[in-house]
Each structure stands twice: as C-alpha cells, then as structure tokens.
Amino acid sequence: MTRGADTGKIVEAVWRMESARIVGALTRMLRDLGRAEELAQDALLEALERWPADGVPVRPGAWLMQVAKRRALDHLRHHAMHASKEGELSWEMDNLLADGGSFRDPAELAALTQETAGEIDDDVLRLIFVCCHPVLSAEARAALALKLLGGLATGEIARAFLVPEATVAQRIVRAKRTLAEARVPFEVPRDDELKPRLASVLQVIYLIYNEGYSASAGNEWLRPTLCREALRVGRVLAELMPDEGEVHGLVALMEIQSSRERARTGPDGAPILLMDQDRSRWDRLLIGRGLAALDRAGRLGALGPYALQAAIAACHARALTPDATDWTRIAALYDALSQLTPSPVVELNRAVALGMAYGPDAGLALADALLDVPALRMYHLLPSVRGDLLAKLGRHAEAKAEFERAASLTQNEREQALLLERARSSALLER
C-alpha cells in the first residue's frame, strides 16, 4: 500500500476508471440500478475514509469491487430475512460468497485479484445498454450515462450541459425510476432487439461527444473533458463488441475529430475554424488510431452513418494543407450519407462540401433550398453557412446580415463573438 497527501485524487481517479465495472457488477447482483449505485458510492466513501490512514491498496480497483460486493451481500441478507423467497436469495448469496464475498476485512481484499475480465466486461456492456435504453429521453440517457459510465459527479454534468445541478439530479432520479418501473432487464439485447438498442447507445455517446466538441451554450467553445469521456466509453464499447462495424465507425470519427483539439482554439480560447487551423498541431497518434478504426469498420461491412462521417473526417486528416483537401470525395461521401440518413443538418453540411468542390454558387443553391425547413429556422449554422458562401461570391452586405443573424441565434459566447467579427469584416469589404 502507498500513502500520501494526494490520496483523495487517487481515489477519484480510480473511481472514474472503475465505477462502471463496480456499478455493473452490483446491478447484476441486485437487479436494481439505483441501489447498485448507492452501494458503490458507499464503497467509494469507505475508500475516502480508510485509504488516507491505511494507504492505497496495491489493487485499488479490486479493493473497491470487493467492498462494494460485501455491501451488496449485506443488503441481500437483510432483505432475505423479510422476503418470502429466502431460499432463492440464500442460493444466490451462496454463489456470490464463493466469488470473494466471504472476506470481511477490506485489508484482506487488497490482495485479491479482480474477477475474470469477461465477467466484468459483460457487466459493463449490460450497463451501457441499460443507461441508453430507448424508454429514456435523450437528455436522461446522456445524464445517466455520464454519471454511471463516466463517473462524473452531478455538478460536473450540470456544468457540462450548462443547466442547474438540480435539473440534472432530477433527470437521473427520474431515469432510474423509469427503468425500474419499465422493469428493464440487466442484459444485452439479443437478435432483432440488438440493432435498435445499439443505435440508441451510439446516439447517446455521439450526443455527449458533440456537446463537448462544440458547446451549445456558455463562454467556452470546447469542453474537452466531455469529448474524452465519450471517446473512452466508445473505446470500451469497441472492445466489448469487436464485430460491430458502426461501433468502430463512431470511435474512428471521435478519434479523428479529437486530434484537432489543440488547434481549434487560440491562446485566448477563441475558436479557430478548420481551414485556418495549424495542422502541425493536430495529434497524429489520434489520427492514426482513427484511421485504423475506420479501416476495421470497412472490413466489417458496408459503411454506416458514423463510418461515413469518419471517412469525411479522414479526408481532412490526410490533407497536410487546406488546399490538399479532397473536397470532391467529401461531397460524394455527403451524398452517400444523405441517402443513408437524410436530414436537414446533413444537407447543410453537403452544401458546404458542394461549395468547396464545385464553387460557392452550387453550395448556396442547396443552402437556399433549406431556408423553409422548419428544423433549421432557428439553427444558427444555416445563416452562418449562407454568410460564408455569400462572402465568397462577393455579396458582402448579404453576408454581413447572415452572420449577424447567426450570432443572434447561437447561445455560445465564443461562437457569437466569431460570427460578429465575420460580420464586421464583411461590412469593411463592402465599403
């Protein structure tokens, strides 16, 4: 065991790494997600109390796991005394005790090895699917996933999404209640139920990532911690489901997008657009990992929506200079994406690609066709894209108006400042 003044930071780091495994294992034992998280938190509190005095165990993850299991077994014993199915509970406890539960002293538990990786990984996989069950709203899935899979505190989640902490707490409580009332089983869905559920899982992970990649509100354009948590969960899922091409496609997309993190803002935190970024600051290791994941997705079958987006990101990653970007291929990939998953946002991105590949007139024609789409009427990126295309056509007065409208629609202060600066530049060019 090790001792030191930074024990609290060590406990926090271990918790972030191990919390999903612990909550997953306890949920398997108790069939109650809410109770599982409570007992896992109790184990965390015990670590915070004991480790500063006793030292950090050699295998801190195993220590937390076994202390949490001991608490779960005590809970089962307590309820067995009042349940009509004592025999069934006793049988379950006997099996769990054989799995290390007979140890009572946490100091002894430090010497134990962890459970087999397969068992733990199965629990994590089940937990991912429970957190992202379609019975929950997208906001509830994101909050619950960050809480249980990312190990984030409620306050951290609230700051990430710029909502009151009480709102996040309510979402999490309601999500657990909804899962309990719906009697969602703690299992990975099989056969024809797997694909729809997997789509929900990937959607939530990408939702979390996007909120970090381009914050919807607040005074920071990026929230790197949110991106890293989403990428970490995606990597876990890719390890647990190695034959699912779209899982690797999503990981590829996040790896490549994350490679630009250092180049996306200036020293003052101001946004730097893709074509203006210093590409020498892009992380080549993350790009390499992303390209490898994309290749794996391709070898597993036809490219799905996430893999197609990763292929688009790969075109930028392979271009050492902006002028080397293969915009014709990017436009073709957006064509394929729009056929596979048609949406106004995809069409808007396709307009940008068409403008770069075939001239701003081509892009503006498509962007103009989106003006009457209800979903985009209050979407700040539509006037932003139109402003950019109009500026390239020399229509600076119109571009200024579009940039100002975009600035009025965004709730992100950094992005608003960038758009207003572009409006000012357009006004100067008009003169």
Side-chain angles (χ1 to χ4, degrees), residues 12-25 61 114-132 141-142 144-152 156-157 160 188 194 197-213 222-262 282-301 303-311 313-314 317:
E12 180 182 357
V14 173
W15 176 251
R16 296 235 179 181
M17 291 186 291
E18 301 294 337
S19 59
R21 297 173 183 266
I22 295 169
V23 174
Q114 292 195 24
E115 298 174 313
T116 62
E119 181 183 355
I120 294 176
D121 287 348
D122 285 346
D123 289 338
V124 174
L125 183 55
R126 294 185 188 106
L127 186 60
I128 289 174
F129 276 93
V130 169
C131 288
C132 299
R141 292 178 212 162
L144 193 60
L146 281 176
K147 176 74 170 174
L148 300 184
L149 299 172
L152 271 66
E156 292 177 295
I157 301 169
V188 176
L194 178 59
R197 291 281 296 279
L198 178 58
S200 175
V201 170
L202 298 180
Q203 181 185 42
V204 167
I205 294 173
Y206 195 39
L207 170 70
I208 294 168
Y209 184 84
N210 270 338
E211 182 60 28
Y213 189 77
L222 311 180
R223 298 194 186 115
T225 300
L226 214 53
C227 289
R228 290 166 193 159
E229 289 295 338
L231 180 54
R232 186 187 68 80
V233 172
R235 287 170 177 165
V236 169
L237 189 60
E239 291 179 4
L240 300 177
M241 304 186 73
D243 297 326
E244 290 291 340
E246 268 296 79
V247 176
H248 296 290
L250 177 57
V251 171
L253 175 59
M254 294 190 294
E255 298 274 16
I256 296 172
Q257 298 285 65
S258 295
S259 71
R260 305 176 197 151
E261 180 185 313
R262 291 178 297 182
W282 289 2
D283 190 322
R284 306 313 298 185
L285 175 61
L286 287 177
I287 289 174
R289 293 182 64 157
L291 294 177
L294 178 60
D295 180 66
R296 187 167 187 177
R299 285 187 276 111
L300 287 168
L303 297 184
Y306 296 111
L308 281 173
Q309 291 177 76

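Start at 1 with the first residue, then count along the sequence. What you are looking at is a predicted structure, and each value in this text was computed from that prediction instead of being measured.
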To the nearest 0.5 Å, what is the distance between [atom1] on [X] and [atom2] on [Y]?
| X | Y | atom1 | atom2 | answer |
| --- | --- | --- | --- | --- |
| Asp283 | Arg262 | CG | CZ | 5.0 Å |
| Leu231 | Leu250 | CG | CG | 9.0 Å |
| Ile256 | Gln309 | CD1 | CD | 11.5 Å |
| Cys131 | Lys147 | SG | NZ | 11.5 Å |

State which residues pass side-chain contact (heavy atoms from CB on, under 4.5 Å) with Gln203; sequence neighbours excluded, sorted by chain then number. Arg141, Tyr306
Going by the rule side-chain contact (heavy atoms from CB on, under 4.5 Å), which residues pair with Ala297 if we only count those two or more places apart in sequence or in a different chain? His248, Ala307
Set of side chain to side chain donor-acceptor pair (under 3.5 Å) partners for [X], sequence neighbours left out:
| X | answer |
| --- | --- |
| Arg228 | Glu261 |
| Trp15 | none |
| Arg197 | none |
| Ser258 | Tyr209 |

In residues 284-296, what donor-acceptor pairs under 3.5 Å come from side-chain atoms, sequence neighbours left out?
{"from": "Arg284", "atom 1": "NH2", "to": "Ala317", "atom 2": "O", "distance (Å)": "3.4"}
{"from": "Asp295", "atom 1": "OD2", "to": "Arg299", "atom 2": "NE", "distance (Å)": "2.9"}
{"from": "Asp295", "atom 1": "OD2", "to": "Arg299", "atom 2": "NH2", "distance (Å)": "3.4"}

Any heavy-atom pair between the side chains of [Y] and [X] that's under 4.5 Å?
| X | Y | value |
| --- | --- | --- |
| Val204 | Leu144 | no |
| Leu198 | Glu246 | no |
| Leu300 | Glu244 | no |
| Arg235 | Glu255 | yes |

Per side chain to side chain contact (heavy atoms under 4.5 Å, CB included), Leu202 is matched among Leu207, Leu237, Val251 by Leu237
Closest non-hydrogen atom pair, Leu127 against Gly24: CD2-N, 3.9 Å
Show the nearest heavy-atom pair for residues Gln257 and Ala313, with the distance to one decimal. OE1-CB, 4.0 Å
